[in-house]
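Some notes on the structure that comes next.
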Amino acid sequence: FELTRPVVMDSNTFEHPAGPPSSLHVLALALEVAPVEMRVVSDVPGHLFERPEDAVMKIALKSNRDSSISGIVETVVTSPGRRPKREKHPFALPARSDCTINIPVGDTPTGKSGFRASLGVSDTTGELREMVRETSFAMVPRFARKAEDSPFGMWSFFERHHGADIETT
């Protein structure tokens, strides 16, 4: 754990602290399981949506407590040329249960957009605990072109790039 310096990647392989060492000495550290687990997912690989009706980001919540817990999830969708779209979604989870909150994003323009989900719950002492997940998604134009002359059902550029005809490939 590095508490005082940013952690950077070394050649995209190993994480290590950046900058000079700190004068802070941590003698003990207590870790605990979060009261609620939060994952941001979608049914489409890479969050690349082709059809607006399929464009749904999902927030999967799972309670790690033996008692019920409630809170709020605030979502922010940012798209180029538009105001951020903010929504609040209250939830209540019974002990050791899970739920999914569906966020339709089909009204966003074609291109890349940002998605941020902030979870807020009160722990047993009444202190607010927060968790943030950020990702992106894209609305892509519908791809309807077909390659009728290809036995693969897709465009083949082997002959032009590699010199082999379609039968050899």
A side-chain contact here means heavy atoms from C-beta on lying under 4.5 Å apart; do [X] and [Y] qualify?
{"X": "Arg39", "Y": "Arg133", "answer": "no"}
{"X": "Glu134", "Y": "Val132", "answer": "yes"}
{"X": "Phe49", "Y": "Thr108", "answer": "no"}
{"X": "Ile59", "Y": "Phe91", "answer": "no"}
{"X": "Val77", "Y": "Phe137", "answer": "yes"}

[X] to [Y] - nearest heavy-atom pair and separation:
{"X": "Ala117", "Y": "Val40", "answer": "CB-CG2, 4.1 Å"}
{"X": "Leu93", "Y": "Asp98", "answer": "CD2-C, 3.9 Å"}
{"X": "Ile69", "Y": "Pro35", "answer": "CD1-CB, 3.6 Å"}
{"X": "Ala34", "Y": "Met131", "answer": "CB-CE, 3.9 Å"}
{"X": "Arg86", "Y": "Val76", "answer": "NH1-CG2, 3.3 Å"}
{"X": "Pro109", "Y": "Met139", "answer": "O-CB, 3.6 Å"}

Going from [atom1] on [X] to [atom2] on [Y], what distance comes out if it is rounded to the nearest 0.5 angstrom?
{"X": "Lys88", "Y": "Ser118", "atom1": "NZ", "atom2": "OG", "value": "10.5 Å"}
{"X": "Arg116", "Y": "Thr75", "atom1": "CZ", "atom2": "OG1", "value": "11.0 Å"}
{"X": "Lys85", "Y": "Ser113", "atom1": "NZ", "atom2": "OG", "value": "10.5 Å"}
{"X": "Glu37", "Y": "Leu119", "atom1": "CD", "atom2": "CG", "value": "11.0 Å"}
{"X": "Glu74", "Y": "Ile72", "atom1": "CD", "atom2": "CD1", "value": "7.5 Å"}
{"X": "Leu48", "Y": "Ser42", "atom1": "CG", "atom2": "OG", "value": "8.5 Å"}

Please check if the side chain of Arg5 supplies one atom and the backbone of Pro17 the other of a donor-acceptor pair under 3.5 Å.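 Here the side-chain-to-backbone pair does not exist.
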Check against side chain to side chain contact (heavy atoms under 4.5 Å, CB included), Lys58 and Asp43: CA-CA 8 Å; Lys58 297 180 179 189; Asp43 292 336; 2.9 Å; yes
Return yes when atom CZ of Arg96 has more than 12 non-hydrogen atoms of other residues, nucleotides or ligands closer than 6.0 Å, and no otherwise.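 Enclosed.
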Would you indicate whether Lys62, at its atom NZ, is surrounded by more than 12 heavy atoms from other residues, nucleotides or ligands within a distance under 6.0 Å? no
Establish whether Val56 and Ile101 are linked, either directly or via other cluster members, by ILVMFWY side-chain heavy-atom contacts under 4.5 Å.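 Shared cluster, no.
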